J.: 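Please find one structure pasted underneath; my questions will follow.
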Amino acid sequence: FPRELVRNFSIIAHIDHGKSTLADRLLELTGTIQKKQTGKNEQVLDKLKVERERGITVKAQTATMFHEFAGKKHMLNLIDTPGHVDFAWEVSRSLAACEGALLLVDASQGVQAQSISVFHIAKERGLKIIPVLNKIDLPAAQPERIAAQMESTFGIDPSEIISISAKTGKGVDAVLKAIVERIPPPCGQTTDRLKAFLFDSLYDRYRGVISLISIQGGILRKGDKIASCHTRKKYEITELGIMHPEEVPTQCLYPGQVGYMACNMKDSTEAHIGDTLHRVNESVDPMPGFQPTKAMVFAGVFPVDSNDFPKLEESINRLTLTDRSVTVQRESSSALGQGCRLGFLGTLHMDVFRQRLEDEYDANIIITAPTVPYKVIYHNREVFVSNPTEFPDVTDSATRVKEIQEPVVKASIIVPEEYFGDMMDLCFSHRAEELDHRYLDSGTATSSRIMLTCIVPLSEIVTDFFNQLKSRSSGFASFDYEDAGYRPSDLCKMSFLLNSQPVDALALIVHRSHADAIGRQWVKKLHKVIPRQLFEVPIQAAIGKKVIARETLNAMRADVTAGLYGGHYERKMKHLENQKEGKKKMKKMGRVELPQEAFFDILSSK
Ligand code: GDP
Ligand code: MG
């Protein structure tokens, strides 16, 4: 296929601005898929069930379409990018396979936090940006105002903006035209040495790892022997083709084309995203910007019934085949038994994985409070600690800790003016610094919007920040963040003791200024959930050796359901069953009998 007639592009947008809907319209308009009769919220490119349920695209999906323009058949490769802050790195590498991007903005909502972050990524990559205003069919749409916003925020010439309704299809043909006319064709010659950029991978139960690649030069053929710049491992291409939108095998892939390939890779950890592939015995310069994925949020996962660990581990392994960005390590806890410590790119990533795990594993799991990787600096070395049980006791000078640092992010929040005060409060209560703000609309607009930027500890946003942001702004605030390195911080480990015995699975890393409040809150929570014992039990929160909060659980008759609040019938029945089954599932914590369900209740109730 002639390179001049190929266009590689992405759609970049804030969540819900209509990326998947527009992708579907483009596929329909080019005859790649049939117009759906029932088609409601069933975007073709959102393949994972959770993606559809939550209406977000987690994994980048790719499709090739053909479109006749000026009498010539063009090949248009859509490289779909995931729409969430946790996946900034995925966005960035999918864009490395494109020459242009459609910047989609909802005409009723205007520029949002992720519109800005993805715009900057695309701009840095030197992509041709086609601004598109979507949802002009909505009565609340304000195309002129939002166009002015795009001009002031992005420096976009308003005459370049295409107004569309992805829902009704109005204006979508103009988008196709702009893709062909404004986006340059890819570089790369058939005579070049083979150079393929690996930008995504999928796992197929039968064929193993399927990699999505873009050909930067040369021709890739079935049977070719290739090698990875990153691992130096060698493979033979067993199948290749284009995504149309399902896999369609072809004989070869030419420069500028985007497609899939299967080779004898055993598991998805071998398909390094951002890797460059070349012909065996020929060297090429690798594509720049390769970086391994970096887990930033960690949590322990345990089965409710400790006998189920093998089953849980198997489910986790099956899921990580399709999502290599999750890191897995075995972990054992004296309170919860054998489990795994998982690392995620961010909290959404964690939520999505948790939901997939619950579907796959088909039983309740206990997930410990999420933590981030802290840097512990000693006189002669530095270590990263993401598990509270490994965190040193900073109150004890014998540990010789010089400094603790925590990861921070640069957060941007966009809100209507009237919520500005609430957002400032929210940021301050989450230890934000270096607040700065500016108006997005110039002068006359009735309800202006403000962009607030600040530096916030990552640990503060991995718990409830996003939910609070949404509820305190009636859903109007949008939020995005990027990595901003490490900063020194006054952090300490909080332990919880039952009858003077620490319970490892409950330990937390907290900022000293929040310690008292958190200690009191957790002790109250434990007091509600732990079944009463035949003797009195002190429940304490401690920093080092100093107790900072305490509740006392009175002695009681042996009714295991009495301590439960909010009478959940099934849960009560479960507790009763447990009691009936005898004590085998009870954990003796300093002679306090603590059912695994109590952990489930503590850790799953926010
Ligand atoms: P994504 O998160 O960017 O992929 O957004 P979706 O394509 O999933 O769209 C989010 C919501 O906006 C869905 O409920 C769509 O039906 C709706 N939507 C998308 N485009 C339009 C449009 O042009 N007009 C209207 N009224 N709704 C739209
Ligand atoms: Mg989507």
Side-chain angles (χ1 to χ4, degrees), residues 1-10 23-24 26-28 30-34 44-48 59-68 73-81 93-94 96-99 185-186 188-190 192 194-228 234-268 270-280 287 321-322:
F1 207 94
R3 182 179 59 85
E4 302 72 37
L5 300 180
V6 177
R7 300 290 182 274
N8 296 323
F9 71 103
S10 246
D24 277 7
L26 293 173
L27 292 177
E28 282 170 13
T30 54
T32 315
I33 56 167
Q34 294 298 308
V44 180
L45 294 180
D46 294 354
K47 283 186 183 167
L48 282 173
K59 258 190 103 40
Q61 303 287 0
T62 293
T64 295
M65 353 179 194
F66 294 98
H67 182 59
E68 183 114 348
K73 192 164 140 188
H74 286 70
M75 176 190 262
L76 311 181
N77 295 310
L78 164 63
I79 292 157
D80 195 14
T81 54
R93 56 125 142 114
S94 334
C98 305
E99 283 74 44
Q189 301 293 335
T190 47
D192 290 347
L194 174 71
K195 185 166 167 179
F197 174 63
L198 196 162
F199 65 89
D200 199 4
S201 77
L202 328 160
Y203 187 81
D204 181 291
R205 220 166 265 228
Y206 306 104
R207 291 172 301 168
V209 182
I210 307 281
S211 302
L212 297 186
I213 48 172
S214 106
I215 309 291
Q216 304 288 317
I219 303 173
L220 184 66
R221 295 188 176 81
K222 199 171 154 173
D224 277 355
K225 297 204 170 41
I226 55 158
S228 144
K234 293 174 182 158
Y235 303 98
E236 182 174 329
I237 308 281
T238 51
E239 189 187 329
L240 86 176
I242 58 172
M243 307 293 280
H244 189 53
E246 297 302 324
E247 289 141 33
V248 178
T250 56
Q251 282 312 306
C252 34
L253 288 174
Y254 291 96
Q257 288 190 3
V258 169
Y260 73 94
M261 60 156 209
C263 57
N264 45 328
M265 279 188 191
K266 286 189 194 65
D267 68 83
S268 43
E270 283 183 55
H272 288 271
I273 307 305
D275 199 354
T276 305
L277 304 166
H278 58 90
R279 223 178 284 290
V280 170
M287 297 276 290
L321 281 176
T322 57

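A quick note: this is a predicted structure, and the numbers were derived from the prediction, not measured.
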J.: How far apart are the closest heavy atoms of Gln216 and Asp192, and which atoms are they?
T.: O-OD2, 4.5 Å
J.: Any donor-acceptor pair under 3.5 Å linking the side-chain atoms of Thr238 with those of Glu236?
T.: no
J.: Does Leu198 form a side chain to side chain contact (heavy atoms under 4.5 Å, CB included) with His272? I'd like the steps, not just the answer.
T.: CA-CA 7 Å; Leu198 196 162; His272 288 271; over 6 Å; no
J.: Closest approach of Asn77 and Gly256, non-hydrogen atoms and distance?
T.: ND2-O, 4.1 Å
J.: With rounding to the nearest 0.5 angstrom, report the CG to CD distance, Leu240 to Glu247.
T.: 11.0 Å
J.: How far apart are the closest heavy atoms of Ile210 and Ala262, and which atoms are they?
T.: CD1-CB, 4.1 Å
J.: Is there a side chain to side chain contact (heavy atoms under 4.5 Å, CB included) between Arg279 and Asp224? Walk through the geometry before answering.
T.: CA-CA 8 Å; Arg279 223 178 284 290; Asp224 277 355; 2.9 Å; yes
J.: Which one of Leu212, Ile79, Leu253, Leu78 satisfies the side-chain contact (heavy atoms from CB on, under 4.5 Å) criterion with Val258?
T.: Ile79
J.: How far does CD1 of Ile215 sit from CZ of Phe197, to the nearest 0.5 angstrom?
T.: 12.0 Å
J.: Heavy-atom distance under 4.5 Å between the side chains of Met65 and Leu27, does that happen here?
T.: yes
J.: Kindly give the heavy-atom pair with the smallest separation between Leu277 and Ser228, and that separation in Å.
T.: CD2-CA, 3.8 Å
J.: Do Phe66 and Ile242 come within less than 4.5 Å of each other through their side chains, counting heavy atoms only?
T.: yes
J.: State, to 0.1 Å, how close Pro249 and Glu239 come at their nearest heavy-atom pair, and which atoms those are.
T.: CG-OE2, 4.2 Å
J.: Measure the spacing between OG1 of Thr64 and CE of Met243 and express it to the nearest 0.5 Å.
T.: 8.5 Å
J.: Which distance, rounded to the nearest 0.5 Å, do you find between the CD of Glu4 and the NE2 of His74?
T.: 9.5 Å
J.: Distance check, rounded to the nearest 0.5 Å: Leu26 atom CG versus His67 atom NE2?
T.: 9.5 Å
J.: Quick one: pull up CD in Gln251 and NZ in Lys222 and give me the separation to the nearest 0.5 Å.
T.: 6.5 Å
J.: Just wondering, do Gln257 and Met75 contact through their side chains at under 4.5 Å, heavy atoms?
T.: yes
J.: Less than 4.5 Å apart, side chain to side chain, heavy atoms only: is that true for Ile226 and Leu220?
T.: yes
J.: Is any side-chain N of the basic residue among Lys73 and Glu68 closer than 4.0 Å to the acidic one's carboxylate O?
T.: no
J.: I'd like to know if the side chain of Arg3 and the backbone of Gln189 have a donor-acceptor N/O pair within less than 3.5 Å.
T.: no
J.: What are the two closest heavy atoms between Arg7 and Pro185, and how far apart are they?
T.: NH1-CB, 3.6 Å
